[in-house]
Amino acid sequence: MVNAEHSVHGGAAAGGAGTGFGTARAVLWLLAAVLAVRQAAAVLRQPPGRRLTDLETWIGENGVLHMTGSLYDTGKFTGTPFAGLVLKPLSRAVQESLGIAWTFGTLLLVVALGLVVARALPGRISRRTGLLAAPVTISLLMLSLPVRNSFYLGQTSIIPVLLVLVGCFVVRGERGSGVLVGIGAALQPAVLLFAPLLWLTGRKKAAVSSAGTFAVFTALAWAALPGDSWAYWVHHVAGAGLGERPDSLANQSLHGALLRLGLTGPLEIVLFVALAAAVVFFGLRRAVRYARDGQLLLAVALTGCAAIAVSPTAWQHQLLWVLLALVGRVGTRTRDRLVWPAVVVLVMTLPGKMLLPNLEVLYPLRDNVPLLAALAAACAVPFLTRASPYFERPVATEYARPVPARWRRIPLLPFWRRLLGRPNLLLELLAIRVGYSVYSHIRLAATGGREAAEAHGREIVAVERALGIDIEHTLNHAAVKAEWVGSFFNFYYTSFHFVVPLTILGVLYVRRPADYRWARSSLGFATVLALLGFWLYPLAPPRLMPGMGFIDTVHGPQDLTNPDYGALTALTNQYAAMPSLHFGWSLWCGLVIVVLAPKTWMKLLGLLHPLFTVCAIVATANHWVLDAVGGAAVVGAGFGLTYVLAGPRRLLPKEAARSDPFPKGADTAVPAQGAVREAQ
């Protein structure tokens with residue numbers, strides 16, 4: 001089976017050598033190289049005491065690896081005794097050269113892992129995939145949290161994964177394959193779960209060889225390091241008591257999750273054993289099914305995911321198996337095919353806090369996101385078999401044709417097309433959540449200093465006075481004097497900023513999916529442009545301008561002699577005032593309602609939101625009038641960019657688009673790919 005896959009992939013690669021993807025391939029290889037160099041540099045730039053922190057638990061007073069005493073004296077080393085025995089030849093290497101050699105050695109291991117994974121892709125692959133698989137895989141590995149964690153800590157967890165993949169996809173003989181898997185299990189005991197997979201898929205010699213190799217090397221470690229072996233296997237129960245606390249967020253196993261839920265003692269142990277048995281049963285059964293279907297890489301990934309869940313400890317650097325599950329195909333429709341890959345990539349590259357909101361009710365999910373992804377892959381996700389008619393040809397996506405553009409010279413982009421049906425909801429929610437998290441991080445990081453922000457504030461005041469629109473002070477004090485007015489604007493400022501845009505997006509998603517894509521894209525462009533304003537022009541709002549007499553009606557009095565302005569600065573960038581997204585988002589809401597609402601009263605009601613918002617941001621001393629002008633500018637630019645990329649908002653009727661994809665007078669800048677029904 002493996003040799004057959006190799007021949008298919010080799011033919012695909014050879015056939016694609018002369019295609020026109022050379023430039024794309026070179027760019028992707030360059031990207032992979034840049035990510036690799038950046039990762040190595042990030043480690044080597046750290047001072048000796050802050051890089052390879054797990055590896056440096058081995059460093060003695062003289063700067064060499066020490067083997068005196070127990071490996072587990074410090075409680076930081078979490079590897080097996082055999083791992084310590086393998087590292088013993090490094091005992092004469094000095095600290096500095098070890099750090100460099102270890103970092104570049106890890107880099108080579110990641111590259112080798114990416115090449116093996118690209119070679120092992122299941123099924124028939126296109127010429128484009130054959131050309132681009134290796135650099136894309138290496139880039140994803142470099143960006144993943146497990147690989148970054150391995151680089152930073154100096155861990156060896158990449159080696160067992162590579163040994164298993166080489167044994168399954170490179171070595172031809174069953175005995176040699178089993179030996180490599182057995183060595184991987186000796187380094188990381190959970191890898192022994194691959195022995196049953198080999199046995200159940202008909203590779204019984206490899207299964208016996210892997211179990212035997214594991215037993216031999218473990219016994220060798222017992223003979224060489226009996227005290228450490230007793231400490232690891234018996235006292236710490238296969239390493240369960242080593243490293244960080246087992247209930248810490250770093251332990252993404254079922255055992256760690258149960259401890260975080262407050263279960264302890266015999267009840268937790270019984271429940272863990274029962275759940276682990278169920279995961280092993282269902283995970284191996286599914287892995288065997290996909291291995292027999294010709295998707296051996298997926299089967300290996302599912303077995304690794306099951307091993308993560310049932311291991312007493314599964315640290316972040318041991319979670320690479322989840323990333324390998326990316327190769328599974330899920331969904332019968334083209335527009336749903338990206339859901340599983342997107343989920344896996346996000347889980348493996350971003351912390352849980354960026355994936356789920358900071359709500360206490362979601363903490364059990366947020367704290368166990370990698371574990372849940374591993375469990376889903378091993379036991380739940382309905383990956384397609386190669387016998388499925390949708391494996392190679394999913395149901396095509398129906399795209400809409402825009403009406404002819406008035407500006408014929410606008411170069412509409414063919415890949416920016418709007419669906420007639422609803423986009424995948426999970427992808428949309430992930431995009432909104434991750435996009436907002438990125439926006440929040442960039443906004444918080446875009447600080448230019450108090451002096452620059454206040455100087456820009458004085459510039460804004462001078463411009464407004466010259467224009468005769470410096471009304472902030474008057475409105476602010478009027479709101480303070482009329483308590484009900486101040487209370488209303490305080491409530492409006494804090495309550496509707498997120499609720500109204502999300503409500504509009506939700507209604508459009510359900511009722512008008514094509515217009516949803518148009519509205520969502522324009523809002524996204526406006527937000528990105530606003531981030532540039534925050535970065536390039538830090539601006540102090542009126543409430544933080546000393547000596548001007550403004551009253552902060554929302555946050556209360558601010559100590560302007562304190563540069564940090566209290567704890568509020570730690571939560572948000574106080575100088576991200578230009579442009580005002582409070583007004584910008586409200587204006588976007590008003591314009592969308594005016595354009596799409598069927599009733600006149602609805603349109604008028606929609607216009608009240610930006611009107612109330614601009615009054616609120618000025619009366620509460622949170623923005624200048626020109627901030628609102630800036631917000632209007634980025635919203636207008638957002639709609640303009642959407643027009644340039646996707647064409648007019650209005651679409652041709654479905655029947656007209658099907659009968660005549662290019663009606664008379666249609667914009668010739670839209671290429672044929674924009675016709676109605678196509679696969680992505």
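This chain uses plain numbering: 1 for the first residue, then up along the sequence.
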Colleague: Taking C-beta and beyond as the side chain, do P357 and L362 meet within less than 4.5 Å on heavy atoms?
Modeller: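 A side-chain contact under 4.5 Å exists here.
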Colleague: Please check if the side chain of E483 supplies one atom and the backbone of V480 the other of a donor-acceptor pair under 3.5 Å.
Modeller: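 Absent.
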Colleague: Among D627, T474, T613, L475, which one satisfies side-chain contact (heavy atoms from CB on, under 4.5 Å) with V618?
Modeller: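 Of the listed options, the one satisfying the test is L475.
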Colleague: Hey, is the main chain of D367 close enough, under 3.5 Å, to the side chain of Q252 for a donor-acceptor pair?
Modeller: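 Judged by distance alone, yes, a pair lies under 3.5 Å.
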Colleague: Please report the C-alpha distance between R337 and V330 in whole Å, then the side-chain angles of each, then the deciding distance to 0.1 Å, and finally whether the side-chain contact (heavy atoms from CB on, under 4.5 Å) criterion is met.
Modeller: CA-CA 6 Å; R337 278 291 172 88; V330 185; over 6 Å; no
Colleague: For the CD1 atom of I460 and the CE atom of M545, what is their distance to the nearest 0.5 Å?
Modeller: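 So the CD1 of I460 and the CE of M545 are separated by 10.0 Å.
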Colleague: Sort out for me which residue in F488, Y493, F496 forms a ring pair (Phe, Tyr, Trp, His ring centres under 6.0 Å) with F612.
Modeller: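 It is F488; the other options fail the test.
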Colleague: Is there a donor-acceptor contact under 3.5 Å from the side chain of W624 to the main chain of A540?
Modeller: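 Such a contact is found between W624 side chain and A540 backbone.
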Colleague: What are the two closest non-hydrogen atoms of A628 and S580, and how far apart are they?
Modeller: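 Closest approach of A628 to S580, heavy atoms only: N-CB, 4.2 Å.
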Colleague: What's the spacing between D552 CG and L544 CG if we round to 0.5 Å?
Modeller: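 With rounding to 0.5 Å, CG (D552) is 7.0 Å from CG (L544).
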Colleague: Mind checking whether V395 and D336 have side chains closer than 4.5 Å, heavy atoms only?
Modeller: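 They are not in contact (no side-chain heavy atoms under 4.5 Å apart), so the answer is no.
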Colleague: Does a donor on one side chain sit under 3.5 Å from an acceptor on the other, for W588 and S522?
Modeller: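 Judged by distance alone, the side chains do pair up.
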Colleague: Can you tell me how far apart CG (L346) and CZ (R433) are? Round to the nearest 0.5 Å.
Modeller: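 So the CG of L346 and the CZ of R433 are separated by 12.0 Å.
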Colleague: Should we say atom OH of Y363 is surrounded by more than 12 heavy atoms from elsewhere, each under 6.0 Å from it?
Modeller: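 Counting other residues, nucleotides and ligands, OH of Y363 exceeds 12 neighbours.
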Colleague: Run the ring pair (Phe, Tyr, Trp, His ring centres under 6.0 Å) test on F583 and H623 for me, step by step, so that the C-alpha distance in whole Å, both residues' side-chain angles and the decisive distance to 0.1 Å come before the verdict.
Modeller: CA-CA 9 Å; F583 177 71; H623 283 284; 9.6 Å; no
Colleague: Could you tell me whether the side chain of N490 and the main chain of G486 form a donor-acceptor pair under 3.5 Å?
Modeller: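 Side chain of N490 to backbone of G486: a pair is present.
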Colleague: Give a yes or no answer on whether the side chain of N476 reaches the backbone of F550 with a donor-acceptor pair at less than 3.5 Å.
Modeller: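 The answer is no, because no donor-acceptor pair under 3.5 Å joins these two groups.
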Colleague: Just by distance, do the side chain of R335 and the backbone of P423 share a donor-acceptor pair under 3.5 Å?
Modeller: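 No; judged by distance alone, with no hydrogens or angles, the pair does not exist.
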Colleague: For the atom pair CD1 (I504) and CG (L591), what is the distance rounded to the nearest 0.5 Å?
Modeller: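 With rounding to 0.5 Å, CD1 (I504) is 10.0 Å from CG (L591).
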Colleague: Might you work through the side-chain contact (heavy atoms from CB on, under 4.5 Å) test for L596 and L508, ending with a clear yes or no?
Modeller: CA-CA 9 Å; L596 299 180; L508 292 180; 3.5 Å; yes
Colleague: Between E459 and Y537, is a side chain to side chain donor-acceptor pair (under 3.5 Å) present by the stated rule, with each step listed?
Modeller: CA-CA 11 Å; E459 292 176 1; Y537 197 78; 3.0 Å; yes
Colleague: Over all heavy atoms of both residues, which pair between L132 and R25 is shortest? Give the atoms and the distance, please.
Modeller: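 For L132 and R25, the tightest heavy-atom pair comes out as CD2-CA, 3.6 Å.
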Colleague: Just checking, any donor-acceptor pair under 3.5 angstrom between side chains of H582 and Y492?
Modeller: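 Result is no, nothing qualifies.
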Colleague: Can you give me the closest heavy-atom contact between S586 and P610, atom names plus distance?
Modeller: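 In terms of heavy atoms, the two residues are closest at OG-CA, 3.5 Å.
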Colleague: Can you find a pair of side-chain heavy atoms, one from K603 and one from K599, that are under 4.5 Å apart?
Modeller: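 They are not in side-chain contact.
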Colleague: Would you please test V592 and V595 for side-chain contact (heavy atoms from CB on, under 4.5 Å) and show each step?
Modeller: CA-CA 5 Å; V592 170; V595 171; 6.0 Å; no
Colleague: Contact between L426 and V343 at the side-chain level, heavy atoms closer than 4.5 Å - yes or no?
Modeller: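 Side-chain contact under 4.5 Å: yes.
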Colleague: Contact between M348 and L143 at the side-chain level, heavy atoms closer than 4.5 Å - yes or no?
Modeller: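 A side-chain contact is absent here, since even the closest heavy-atom pair is not under 4.5 Å.
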Colleague: Looking only at non-hydrogen atoms, find the nearest pair between V634 and A530 and report the distance.
Modeller: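 Where V634 meets A530 most closely, the heavy atoms are CG1-N, 4.2 Å.
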Colleague: Going by distance alone, is a donor N or O of one side chain under 3.5 Å from an acceptor N or O of the other, for T527 and W585?
Modeller: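 There is such a pair (donor and acceptor under 3.5 Å, judged by atom type) between the side chains of T527 and W585.
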Colleague: Taking L371's backbone N and O only, do any of them form a donor-acceptor pair with N368's side chain (distance below 3.5 Å, no angle check)?
Modeller: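 Absent.
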Colleague: Are V461 and R465 side-chain neighbours, meaning at least one heavy-atom pair lies under 4.5 Å?
Modeller: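 Result yes, sub-4.5 Å side-chain heavy-atom pair found.
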Colleague: Using every non-hydrogen atom in the two residues, find where P370 and L319 come nearest and quote the distance to one decimal.
Modeller: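 For P370 versus L319, the nearest heavy atoms are CB-CD1, 3.6 Å.
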Colleague: State whether the side chain of R422 and the backbone N or O of Y509 hold a donor-acceptor pair below 3.5 Å, judged by distance alone.
Modeller: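 A pair under 3.5 Å: yes.
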Colleague: When you look at OH of Y390, are more than 12 heavy atoms from neighbouring residues, nucleotides or ligands closer to it than 6.0 Å?
Modeller: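 Atom OH in Y390 is not packed in, count stays at 12 or less.
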Colleague: Any sub-3.5 Å donor-acceptor pair from E464's side-chain atoms to V625's backbone N or O?
Modeller: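 Answer holds: yes.
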Colleague: When rounded to the nearest 0.5 angstrom, what is the spacing between CG in L427 and CG in L425?
Modeller: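 Answer for the CG-CG pair, L427 versus L425, is 9.0 Å.
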Colleague: Looking at every heavy atom in both S521 and T642, which two are closest together, and how far apart are they?
Modeller: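 Shortest heavy-atom contact: C-OG1, 3.7 Å.
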Colleague: Can you find a heavy atom in the side chain of L505 that is under 4.5 Å from one in the side chain of L523?
Modeller: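 They are in side-chain contact.
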Colleague: Can you name the one residue among L145, V345, L355 that meets side-chain contact (heavy atoms from CB on, under 4.5 Å) with L350?
Modeller: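 Considering L145, V345, L355, a side-chain contact (heavy atoms from CB on, under 4.5 Å) with L350 is found only for L355.
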Colleague: Is any NZ, NE, NH1 or NH2 atom of the basic residue among D515 and R649 found under 4.0 Å from an Asp or Glu carboxylate oxygen of the other?
Modeller: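 The answer is yes: the pair qualifies as a salt bridge.
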Colleague: Less than 4.5 Å apart, any side-chain heavy atom of S144 and any of V147?
Modeller: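 Yes. Closest side-chain heavy atoms under 4.5 Å.
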Colleague: Give a yes or no on whether the ring-centroid distance for F525 and F639 is below 6.0 angstrom.
Modeller: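 Centroid distance F525-F639: not below 6.0 Å, so no.
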Colleague: Could you go step by step and tell me if L529 and L532 meet the side-chain contact (heavy atoms from CB on, under 4.5 Å) rule?
Modeller: CA-CA 5 Å; L529 293 174; L532 294 177; 4.3 Å; yes
Colleague: First locate atom CE of M548, then atom CD of E454, and finally report the distance between them rounded to the nearest 0.5 Å.
Modeller: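 Taking CE in M548 and CD in E454, the distance rounds to 9.0 Å.
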Colleague: May I ask you to check whether F534 and Y575 place their ring centers less than 6.0 Å from one another?
Modeller: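 They do not qualify: ring centres at least 6.0 Å apart.
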